*Asks:* 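Structure incoming, see below.
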Amino acid sequence: MSIKRTDIPAEEIEKQLAICTEVRQRYEGKKPLALVDTFGCQQNEEDSEKIRGYLAEMGFEMTEDEFKADIIVLNTCAVREHAEMRVFGNLGALTHPKKENPNQIIAVCGCMVQQEHVVDKIKKSFRHVDLVFGPDELWRFPELIYTVMTKRKRVFAPGSGDGCVAEGVPHLRADKVKAWLSIMNGCNNFCTYCIVPYTRFRERSRQPEEIVKEARELVAQGYKEITLLGQNVNSYGRDLDCGITFAQLIRMINSIEGDFVIRFMTSHPKDANSELFTAMRDCEKCEKHLHLPLQSGSDRILKAMNRHYDTEKYLALVDKVRETVPDIVLTTDIIVGFPNETDEDFEGTMSVIEKVRFDAMFTFIYSKRLGTPAAEMSDPFTREEKQVHFDRLLEAQNRISEEKHREYIGKIVRALIDGKDREEGVLSARTSGGRLVRVISDESLIGTFANVKITDCNTWALRGEIV
Ligand code: 5AD
Ligand code: SF4
């Protein structure tokens, strides 16, 4: 497969930063405000931090109020139809603030706008949108905004498919404890249901030294948790001639001095291997959590999904990781109702989840994505039939998750206190395996590691006391 990759020269990013200064001057004497709303995955969250980084360079402060914002950016997700409908709903509602403030700039970016039919719809039906740009064009956001401001015309810049890699784009991170670190972008796997290979193009890994440099900076800034992000982190480095695998990258980051932990997502079962599991075992900073999307427990469906593994291989992998890292917490993604998924196929999924007993699971009803091979597959089953399967799966998983959580009661675990819980006076913390623990404590402990005695639980979270 040809790898399309365009490394953006450092001078180009400097040019963008110079444009930021020009924008800042245009707002001289005012305190401009920006709102960036993010849909979808962590990769999008990380992209939004870059958009906010550029906006901060332009002198913007952030707001949550769409009526006060001078610039609104919606960073969108195309993975399922539901997310797209929400974006269109939100976009429609933005006609009101725009009417009150005609100088307001509304931008839409992210995976959705990498689809031609979406861009056409925005062009025709959402005329209050001033700027559209794909994930690959993010590095030149300042230039695009500047064109909208100075020319007062609508700008459409969906990506060209060249697969850009840009270093040096500033970040504005909202969280002070946990940081995302994108190590690669794009996907080569073409699972037949998935739109991502079409919206984020082919895999491009960042150079290991750039990643390690960013990790060092994050540790120096006091971040306690670094999550390495990629669509399939286990194929990290394959497109570079650097000889560094993902497992080696973990080891390199693990050797950075400091009190912090490493997480990563997502791992594809076809590429997860012993080298990774041993690195997880050996690296004291690497948290013992593996998110390993199964998608289906039917070999027939896995083949139709183009996943390149069967249930036997998946179960062997689970055995292997449990043998190597005995306290590993396993989570997964399941799609229910892939085209033509029969009762028998679904029973296969039920059987695998009972065998593995995942700690937690993200379940989705299959959503048809235009342009993917699965969208062309016939499907005699109705949404109602799929919902019955979905509900059964969820019920089984909720039971298993709660049983797994019960096993923690009475134990003392190390957890990172990462913020305030919704409940007054309660803080949220994460165990090494990524399980949520609610603890009663004062805010001064946010950003520290604590030993927590687990006293209670439900399906979704543990409750504990600091010891
Ligand atoms: N329909 C439903 N779920 C999907 N996912 C990806 N594409 C689709 C789709 N078309 C799910 C997969 C993936 C997770 C991020 O989203 O389970 O692992
Ligand atoms: Fe989509 Fe499959 Fe790539 Fe994940 S590995 S982003 S599910 S194509």
Side-chain angles (χ1 to χ4, degrees), residues 1 3 38-47 76-86 110-112 114-115 118 135 163 182-205 227 229-236 238-239 246 264-272 290-298 301-309 314 330-341 346 349 352-353 358 360-377 379 381 383 386-387 389-390 393-394 397:
M1 185 180 302
I3 309 276
T38 315
F39 298 78
C41 65
Q42 288 83 0
Q43 201 94 38
N44 260 19
E45 293 287 350
E46 204 260 359
D47 279 350
T76 67
C77 169
V79 166
R80 282 171 293 275
E81 193 185 6
H82 178 72
E84 291 199 342
M85 299 318 285
R86 271 180 56 216
C111 286
M112 252 174 94
Q114 209 60 70
Q115 307 171 95
V118 172
S182 171
I183 64 164
M184 60 202 296
N185 213 324
C187 184
N188 290 356
N189 296 314
F190 290 94
C191 301
T192 54
Y193 51 81
C194 187
I195 194 79
V196 170
Y198 308 90
T199 62
R200 289 201 176 252
F201 311 125
R202 295 301 67 73
E203 272 171 14
R204 289 96 66 198
S205 303
T227 303
L229 295 178
Q231 259 77 31
N232 176 14
V233 288
N234 295 303
S235 57
Y236 171 79
R238 279 188 203 159
D239 57 315
F246 180 58
F264 59 87
M265 67 189 325
T266 292
S267 286
H268 194 306
K270 80 177 168 62
D271 299 310
L290 184 65
H291 183 64
L292 197 63
L294 167 67
Q295 311 298 5
S296 166
S298 150
I301 296 293
L302 285 172
K303 203 164 177 27
M305 286 177 163
N306 191 34
R307 291 288 289 175
H308 297 282
Y309 56 86
Y314 188 93
L330 279 176
T331 58
T332 201
D333 292 344
I334 303 276
I335 297 177
V336 172
F338 183 81
N340 248 313
E341 184 185 65
F346 176 72
T349 300
V352 175
I353 71 144
F358 293 103
M361 190 163 84
F362 299 89
T363 40
F364 310 100
I365 290 192
Y366 168 73
S367 172
K368 191 175 182 167
R369 305 287 65 210
L370 205 70
T372 61
E376 307 298 320
M377 297 177 189
D379 189 7
F381 300 105
R383 166 81 202 203
K386 296 180 185 197
Q387 190 69 44
H389 284 167
F390 182 86
L393 182 64
L394 205 62
Q397 183 55 45

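What you see below is based on every heavy atom in this structure, not just the backbone, and it leaves out hydrogens, waters and symmetry mates. One-based numbering, in listed order, for ligands and for the atoms of each. No experiment lies behind these values; they were computed from the predicted model shown.
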*Asks:* Within the 4.5 Å heavy-atom criterion, are Val336 and Gln387 side-chain neighbours or not?
*Replies:* no

*Asks:* Within a distance under 4.0 Å of any heavy atom of Arg307, pick out the atoms of ligand 2 and give their elements.
*Replies:* 2 (Fe)

*Asks:* If the criterion is any heavy atom closer than 4.0 Å to an atom of ligand 1, which residues make the list?
*Replies:* Val79, Arg80, Tyr193, Gln295, Asp333, Ile335, Phe364, Ile365, Tyr366, Ser367, Arg369

*Asks:* Ignoring hydrogens and geometry, is there a side-chain-to-backbone donor-acceptor pair from Arg204 to Arg202 under 3.5 Å?
*Replies:* yes

*Asks:* Check the orientation of Phe346 and His389. Use parallel for under 30°, tilted for 30 to 60°, and perpendicular for over 60°.
*Replies:* parallel

*Asks:* Would you say Ser296's side chain and Leu302's backbone share a donor-acceptor pair under 3.5 angstrom?
*Replies:* no

*Asks:* Report yes or no: does Tyr309 contribute a side-chain atom to a donor-acceptor pair with the main-chain N or O of Leu294 at less than 3.5 Å?
*Replies:* yes

*Asks:* Taking only residues two or more places apart in sequence or in another chain, which ones pass salt bridge (Lys or Arg N to Asp or Glu O under 4.0 Å) with Asp333?
*Replies:* none

*Asks:* Could you tell me whether a side-chain N or O of Thr192 sits under 3.5 Å from a main-chain N or O of Ala304, the two making a donor and an acceptor?
*Replies:* yes

*Asks:* Tell me every residue that passes salt bridge (Lys or Arg N to Asp or Glu O under 4.0 Å) with Arg200, counting only those two or more places apart in sequence or in another chain.
*Replies:* Asp47

*Asks:* Is a salt bridge present between Arg369 and Glu84, judged by a nitrogen-to-oxygen distance below 4.0 Å?
*Replies:* yes

*Asks:* So, Thr199 side chain and Gln114 main chain: donor-acceptor pair closer than 3.5 Å or not?
*Replies:* no

*Asks:* Using a cut-off of 2.8 Å, find all protein N, O or S atoms closer to atom 3 (Fe) of ligand 2 than that distance.
*Replies:* Cys187 SG

*Asks:* Examine ligand 2 and decide if any of its atoms is less than 4.0 Å from a heavy atom belonging to Arg200.
*Replies:* no

*Asks:* Measure from the side-chain N and O atoms of Thr332 to the backbone N and O of Leu292, and report whether any donor-acceptor pair falls under 3.5 Å.
*Replies:* yes

*Asks:* Among all the protein's non-hydrogen atoms, which is closest to atom 7 (S) of ligand 2, and how far away is it?
*Replies:* Tyr193 OH, 3.4 Å

